[in-house]
**Student:** 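My questions all concern the structure below.
Chain naming here is simple, since letters A, B, ... match the order of the sequence lines and numbering starts at 1 in each.
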Amino acid sequence: MLDPARMDDVLRRGGDVATVVTSWRRLDERRKKLQAELDTKRGARNAANERMSKLDKKSEEFAAARDELKTLSSAIKEGETELATLESTSQQRLLHIPNAPHASVPVGTSEADNPVLHTAGTKPTFTFAPKPHWEVGEQLGILDFEAGARIAGARFTVLRGAASRLNRALINYMLDLHAQHGYDEVWPPAVVRRAALRGTGQLPKFEADLFKLDVAVGPDHVADNDLFLSPTAEVQVTNLHLDSILDAAQLPRKYCAYAPCFRAEAGAHGKDTRGLIRQHQFDKVELVKLTTPETSYAELDGLRQDAERVLSGLGLHYRVVTLCTGDLGFGAAKTYDIEVWLPGQDTYREISSCSNFEDFQARRAKIRYRPSAADKPRPVHTINGSGIAIGRTIVAILENYQQADGSVVIPAALRPYLGGLERITPP
RNA sequence: GGAGGAGUGGCCGAGUGGUCGAAGGCAGCGGUCUUGAAAACCGCCGAGCGCAAGCUCCGGGGGUUCGAAUCCCUCCUCCUCCGCCA
C-alpha cells in the first residue's frame, strides 16, 4: 500500500483519487486520537495491576482495587472494539488508494499521451496484403476458435499441432533465455489466495476481474481460504517472500516463471473479439525482481531490456512506450509497455508491461530487507514484467512471418525447440 | 478422509495466571586482546503504532479473569501413522 507519507504525491494521478485520500485522512485522524486515549487507559490499568500483584489477595484493599479495575477494564474493552473497527475501515480505504507515480512519469489522460522511448528492429515488408493472425492460423488449421468456444466459451482457444508445439517452444525459449541472465526459474501454483492477491494489489479493488473458485480448501465461510485462478505469475512469484525479511546480501532477487493466466475482465470490453489477443486464459513467462530502493530504477531498466531480448531474439519489430499518469496501473509507480508490430492489423500491440512498484507491493505483502545487521528492516522495491506474453508472441510470429503461400516461417531461435522445424505449412 | 503430536524472537529452546517482550544458547553487530585472524572476555541485539510518555504483539480468532505465553473454545499450519490417488 501507499506510504502514508506520500499521500500528496498520489494526487498527481488526478481523477477521483483525492476523494479516497481525504476520506482516509479523516479516518486516520480519528484512529490516532482513539489510539492515544486507549493507550493512556491501558497504561493506568497496567500500573494498577502491578500494584495489585503485590497486595495480599485476602485484604480488603485488594477487593476494592479489583472492583475499581473492573470498570476500567470494561471501558478498555469497549475502546478496543471501536479501535479495531476504525483500524479495519481505515486500512480498507488505504488498500484502495493507488501508488504514487514516479516523478519522471509524464502527466497525461490516456494511452495517446504515452511517449515513445525507443523503437527496435524494422517492419517486415510484404509483396501481398498481410492477414490478421486469426486468418493465418485458421487456414493452417492450428488455431481452433470454434473448438475453444464449444469447450469453454468465448475467448478460449484450442491450439492444434504446430501452434501447440510453438506455445511449448516459446515457454522454453524464454525461460532458457532468462536463466542465462541470472533469473531463477520457478514453477508456481496456478491458484492463489486472497492474501497473495492483496499483496500484489489485485485485491480488494479488482475482484471482478478474477476467476474465483467456487470451492475453498479448508473451512467454509472463511474469506481467507478463497481461491482464485491467478491472473499473472507476478502474484505467485512476488509473494514467494510474503511476510519475510531478506538479507541485503540476497538482493536483488531475480525470478522467472511460466504460468497460465486467467482473467475474467477480458470479455467485458467488447473489443479484440477476434483472435488470440484478449483471452480469458493465456500463457505468460513473467520476470520479477526484489531490490533495494536505491537500485530499483536501474533494475527496472535491466528487466525491460531482458524482456526486449525475447523480441529481438525472434527478429520482431517493436517499440517501447512510457505510460503516462492516466494510463498507469493501480500499483505501479512507473511502467514501460513493450508493443510489438502486427502487420496483419497494421498496429502496435502491447506484448509486455514492465513496472516498478517501489515499496507499494512490499508494504502490502510485508516483504522487507535489512540494509545491514544493525539496521531496522525496510520494505524492498518490487519490479516485474512480462517476459513475455506467449499468446501474443504467437500472434506476432504468425503475422510477421507469414508468406504469400499461406505458410509461416519459424524464427531461427525457436527451431531448436521445435525439432528443427523451419516452416508451418498449410495442410 | 481417519488417529495422534506440536506451534514462543533470524534459528534452537525455557517459561508455577501477576514485576515476562519473554531465561539460556546459536547467529549477527560493537569493543577489549592480537601484527592480522581464531579463541577468550565485555556490551548491544525482535517487530508495529506514536512527536513523546507510552501502548500492542508468544500461529489466527473468541472466551474466562482485576490481570493470560500460561486456563477454556475454535480455526489454521506443520510432523508421524493409516486410507485414497496422478
**Student:** Using the side chain to side chain donor-acceptor pair (under 3.5 Å) rule, collect all pairs that involve residues 361-377 of chain A, keeping only residues at least two apart or in two chains.
**Tutor:** A:Asp3-A:Arg363, A:Glu234-A:Gln361, A:Asp359-A:Arg363, A:Gln361-A:Thr382, A:Tyr369-A:Arg378, A:Ser372-A:Asp375
**Student:** Any pair with a residue in residues 65-80 of chain A that passes side chain to side chain donor-acceptor pair (under 3.5 Å), sequence neighbours left out, goes on the list, sorted by first then second residue, please.
**Tutor:** A:Arg42-A:Glu80
**Student:** In whole Å, what is the span from the CZ atom of A:Arg370 to the C1' atom of B:C29?
**Tutor:**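 About 11 Å, once rounded to whole Å.
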**Student:** Could you tell me how far B:C76 sits from B:G61 if I compare only their C1' atoms? Round to whole Å.
**Tutor:**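 About 10 Å, rounded to a whole number of Å.
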**Student:** Between B:U16 and B:G21, how far apart are the P atoms? Round to whole Å, please.
**Tutor:** 16 Å
**Student:** Using atom C1' in both nucleotides, what's the gap between B:C57 and B:C44 to the nearest angstrom?
**Tutor:**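 Between the two C1' atoms, the distance is 23 Å.
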**Student:** To the nearest Å, how far apart are A:Phe62 CZ and B:G17 C1'?
**Tutor:**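 My rounded result for the distance is 12 Å.
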**Student:** Between B:G67, B:A47, B:G54, which one does the side chain of A:Ser73 approach most closely?
**Tutor:** B:G67
**Student:** For A:Asp337 and A:Glu350, indicate whether the former's side chain and the latter's backbone hold a donor-acceptor pair under 3.5 Å.
**Tutor:** no
**Student:** How many whole angstroms separate atom CD1 of A:Ile367 from atom P of B:A47?
**Tutor:** 18 Å
**Student:** Distance between the C1' atoms of B:G67 and B:U19, in whole angstroms?
**Tutor:** 13 Å
**Student:** Can you check the A:Glu68 CD to B:C66 C1' distance for me, whole Å?
**Tutor:** 10 Å
**Student:** Aromatic rings A:His102 and A:Tyr297: how do their planes relate, parallel, tilted or perpendicular, breaks at 30° and 60°?
**Tutor:** tilted
**Student:** May I have all residue pairs that pass side chain to side chain donor-acceptor pair (under 3.5 Å) and include part of residues 43-53 of chain A, sequence neighbours excluded?
**Tutor:** none
**Student:** On a whole-Å scale, what distance lies between the C1' atoms belonging to B:U65 and B:C72?
**Tutor:**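 Per the computed distance, 12 Å lies between those C1' atoms.
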**Student:** By the definition side-chain contact (heavy atoms from CB on, under 4.5 Å), identify the one residue from A:Thr291, A:Thr292, A:Leu251 that meets it with A:Val380.
**Tutor:**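 When A:Thr291, A:Thr292, A:Leu251 are each tested with A:Val380, the side-chain contact (heavy atoms from CB on, under 4.5 Å) holds only for A:Leu251.
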**Student:** Tell me which nucleotide among B:U65, B:G50, B:C66 gets nearest to the side chain of A:Lys77.
**Tutor:**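 Out of B:U65, B:G50, B:C66, the nucleotide with an atom closest to A:Lys77's side chain is B:U65.
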**Student:** Counting Watson-Crick and G-U wobble pairs whose two distances are both under 3.5 Å, find the runs of 3 or more in a row that involve RNA chain B.
**Tutor:**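 The stems are B:1-7 with B:76-82, B:10-12 with B:24-26, B:28-32 with B:40-44, B:46-49 with B:54-57, B:59-63 with B:71-75.
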**Student:** Just how far, in rounded Å, is P of B:C51 from NZ of A:Lys33?
**Tutor:**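 After rounding, the gap between these two atoms is 16 Å.
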**Student:** Between B:C76 atom P and A:Arg193 atom CZ, what is the distance in whole Å?
**Tutor:** 11 Å
**Student:** Nearest to the side chain of A:Lys32, heavy atoms from C-beta on, is which of B:G50, B:G54, B:G18?
**Tutor:**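 That would be B:G50.
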**Student:** Enumerate the residues from residues 40-49 of chain A whose closest heavy atom to RNA chain B is under 4.0 Å, giving them by residue number; use none for an empty result.
**Tutor:** A:Arg42, A:Gly43, A:Arg45, A:Asn46, A:Asn49
**Student:** Name the residue closer to the 5' end of RNA chain B, choosing between A:Asp39 and A:Met52 according to the nucleotide with the nearest heavy atom.
**Tutor:** A:Asp39
**Student:** Verify whether one side chain among A:Glu358 and A:His381 offers a donor that lies under 3.5 Å from an acceptor in the other.
**Tutor:** no
**Student:** Among B:G50, B:A47, B:C66, which is the nearest nucleotide to the side chain of A:Lys376?
**Tutor:** B:A47
**Student:** Look at the side chain of A:Arg155 and the backbone N and O of A:Ala149, then say whether any donor-acceptor pair between them is shorter than 3.5 Å.
**Tutor:** no
**Student:** Between P on B:C49 and CG on A:Leu27, what's the gap in Å once rounded to a whole number?
**Tutor:** 18 Å
**Student:** For B:G46 versus B:C41, give the span between their P atoms, rounded off to a whole number of Å.
**Tutor:**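 Here B:G46 and B:C41 have their P atoms 22 Å from each other.
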**Student:** At a heavy-atom distance below 4.0 Å, what parts of residues 235-250 of chain A sit against RNA chain B?
**Tutor:** none
**Student:** Looking only at atom C1', what distance separates B:A6 and B:C75, rounded to whole Å?
**Tutor:** 16 Å
**Student:** Figure out the CD/C1' separation between A:Glu37 and B:G54, and round it to whole Å.
**Tutor:** 15 Å
**Student:** Using the C1' atom in both, what is the distance from B:G60 to B:U8, to the nearest Å?
**Tutor:**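 Those two atoms are separated by 15 Å.
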**Student:** If you assign each of A:Pro377 and A:Asp28 to its closest nucleotide in RNA chain B, which residue comes earlier from the 5' end?
**Tutor:**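 Nearer the 5' end of the strand: A:Pro377.
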**Student:** Going by side-chain contact (heavy atoms from CB on, under 4.5 Å), A:Thr157 matches just one of A:Gln279, A:His280, A:Gln281. Which one?
**Tutor:**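 Passing option: A:Gln279.
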**Student:** Applying a 4.0 Å non-hydrogen cut-off, can you work out what A:Arg368 is touching in the nucleic acid: base, sugar-phosphate, or nothing?
**Tutor:**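 Sugar-phosphate contact only.
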**Student:** Can you label the angle between the A:Tyr255 ring and the A:His241 ring as parallel, tilted or perpendicular, going by 30° and 60°?
**Tutor:**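 Aromatic pair A:Tyr255/A:His241 classed tilted.
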**Student:** Do the side chains of A:Arg349 and A:Glu339 get close enough for a salt bridge, i.e. N-O under 4.0 angstrom?
**Tutor:**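 Looking at A:Glu339 together with A:Arg349, the answer is no, because their closest N to O distance does not fall below 4.0 Å.
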**Student:** Report the C-alpha separation of A:Tyr258 and A:Trp187 in whole Å, then their side-chain angles, then the decisive distance to 0.1 Å, and conclude whether the ring pair (Phe, Tyr, Trp, His ring centres under 6.0 Å) test is met.
**Tutor:** CA-CA 6 Å; A:Tyr258 155 74; A:Trp187 194 288; 5.2 Å; yes
**Student:** Salt-bridged, A:Lys33 to A:Glu37, with N to O below 4.0 Å?
**Tutor:** yes
